[in-house]
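Right, one structure below, let's go through it.
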Amino acid sequence: MVGVSPLRPTESALNDASCRAYFRKLAAGVAIVTACGASGWSGTTVSTLTSVSMAPPIVLCCISGGSRTVAAIRHAGCFAVHPLADDQSYLANRFSRPPSDGSRFEDLGHEVRLIRGAPAIAGTLAVGWCDLHSLEVVGDHVVVYGRLTAVQVGDGHPLLWHERSYHTLQEQSDLLSHTA
């Protein structure tokens, strides 16, 4: 049986290394958040995107506090969230690294248009357009709450982040055929 053994007092100490090890065990969908700020288009990769409410429809994402995308969301008052498909890790990588935000959109290989005030990347698993509901600084990140105003949903499976790498969901039938 897989699991953890009973905790001993030495295992309950919390430090940077144990906290990071714990966070790596959390699986999350990967998305790109985009906005149009005072200095142009901005975007970043997030691995925290959660539905919060249906009435009204609210989502939240967590973005590093120093991100230009947070400043762009504050400026614009709106943003777009693009959950990525399982074959789009290249997009996640592109939007998670320097250089400047604007260059992330150049030669992307996907059409990008300003729709509902935010850059919309064509061909992602889905797009949700949001009006900014609120921002909350929590530790070294900003929790961004957005009220969904429109969505576009495609077909496919989500890209997942777990143990510091990308993963995909495997169909149940695929699992069964490999064990037979």
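Counting from 1, the numbers follow the sequence of the chain as shown.
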- Derivation and outcome, side-chain contact (heavy atoms from CB on, under 4.5 Å), residues Glu163 and Lys25: CA-CA 6 Å; Glu163 288 280 354; Lys25 297 299 179 191; 2.4 Å; yes

- Message: Between Ser47 and Trp161 (side chain of the first, backbone of the second, donor and acceptor by atom type, cut-off under 3.5 Å), is there such a pair?
- Response: no

- Side chain to side chain, Cys62 and Leu60, heavy atoms closer than 4.5 Å: yes

- Task: Starting from the C-alpha separation in whole Å, work towards a yes-or-no answer on side-chain contact (heavy atoms from CB on, under 4.5 Å) for Trp41 and Leu114.
- Result: CA-CA 9 Å; Trp41 291 1; Leu114 194 65; 3.8 Å; yes

- With distance as the sole test, does Ser67 use its side chain to make a donor-acceptor pair with the main-chain N or O of Ile63 at under 3.5 Å? no

- List the atom of Ser53, the atom of Pro56, and the distance in Å for their closest heavy-atom pair. OG-O, 2.8 Å

- Heavy atoms of Pro158 and Asp86 approach each other most closely as O-CB, 3.6 Å

- Task: Say whether Val138 and Ile58 are linked into one hydrophobic cluster, either directly or through other cluster members, by side-chain heavy-atom distances under 4.5 angstrom.
- Result: yes

- Query: When rounded to the nearest 0.5 angstrom, what is the spacing between OG in Ser39 and NE2 in His75?
  - Reply: 8.5 Å

- Is the backbone N or O of His162 less than 3.5 Å from a side-chain atom of His167, with the two atoms forming a donor-acceptor pair by type? yes

- Item | Heavy-atom pair with the smallest gap, counting every atom of Ala126 and Pro83 | O-CD, 3.2 Å

- Query: Side chains of Val127 and Val81: does their closest heavy-atom pair fall under 4.5 Å?
  - Reply: no

- Task: State yes or no: do Val137 and Ile73 share one hydrophobic cluster built from I, L, V, M, F, W and Y residues joined by side-chain heavy-atom distances below 4.5 Å, directly or via other members?
- Result: yes

- Message: I want to check something: taking the side chain as every heavy atom from C-beta on, are Leu159 and Leu91 in contact at a cut-off of under 4.5 Å?
- Response: no

- Quick one: closest heavy-atom pair of Ser42 and Arg68, and the distance? OG-C, 3.6 Å

- What is the ring orientation for His110 with Tyr90, classed by angle as parallel under 30°, tilted 30 to 60°, or perpendicular over 60°? parallel

- Compare all side-chain heavy atoms of His157 with those of Thr168 and state whether any distance is below 4.5 angstrom. no

- Task: To the nearest 0.5 angstrom, please state how far the CD atom of Glu111 sits from the CD1 atom of Ile121.
- Result: 11.5 Å

- Query: Minimum heavy-atom separation for Trp129 to Ala120, with atom names?
  - Reply: CZ2-CB, 3.8 Å

- Query: Within a strict 4.5 Å, meaning less than it, do heavy atoms of the Phe95 and Val30 side chains meet?
  - Reply: no

- Item | Exam field: side chain Thr124 to backbone Leu84, donor-acceptor pair closer than 3.5 Å | no

- Task: Give the C-alpha distance, both sets of side-chain angles, the deciding distance and a yes or no for side-chain contact (heavy atoms from CB on, under 4.5 Å) between Thr44 and Arg104.
- Result: CA-CA 9 Å; Thr44 192; Arg104 292 176 176 174; 4.2 Å; yes

Donor-acceptor contacts under 3.5 Å from residues 139-148 side chains, at least two apart:
none

- Gln88 side, atom CD; Arg94 side, atom CZ - distance, nearest 0.5 Å: 13.0 Å

- Task: Give a yes or no on whether Asn15 atom CG has more than 12 heavy-atom contacts from other residues, nucleotides or ligands under 6.0 Å away.
- Result: yes

- Message: Check for me, please, whether Ile32 and Phe79 land in the same ILVMFWY cluster - side-chain distances under 4.5 Å, paths through other members count.
- Response: no

- Item | For Gly117 against Cys78, the heavy-atom pair lying closest together | O-SG, 3.7 Å

- Message: Are Val151 and Val112 linked, directly or through intermediate hydrophobic residues, by side-chain heavy-atom contacts shorter than 4.5 Å (ILVMFWY only)?
- Response: no

- Tell me, do Leu14 and Tyr22 make a side-chain contact under 4.5 Å, heavy atoms counted? no

- Message: Between Val59 and Thr50, is there a side-chain heavy-atom distance shorter than 4.5 Å?
- Response: no

- Go through the side-chain N and O atoms of Tyr166 and Asn93 and say whether any donor and acceptor fall under 3.5 Å apart. yes

- Query: Are Ile115 and Phe105 connected in a single hydrophobic cluster, I mean Ile/Leu/Val/Met/Phe/Trp/Tyr linked by side-chain heavy atoms less than 4.5 Å apart?
  - Reply: no

- Any chance you could lay out the side-chain contact (heavy atoms from CB on, under 4.5 Å) test for Leu169 and Leu160, step after step, and finish with the verdict? CA-CA 8 Å; Leu169 292 176; Leu160 302 176; 3.6 Å; yes

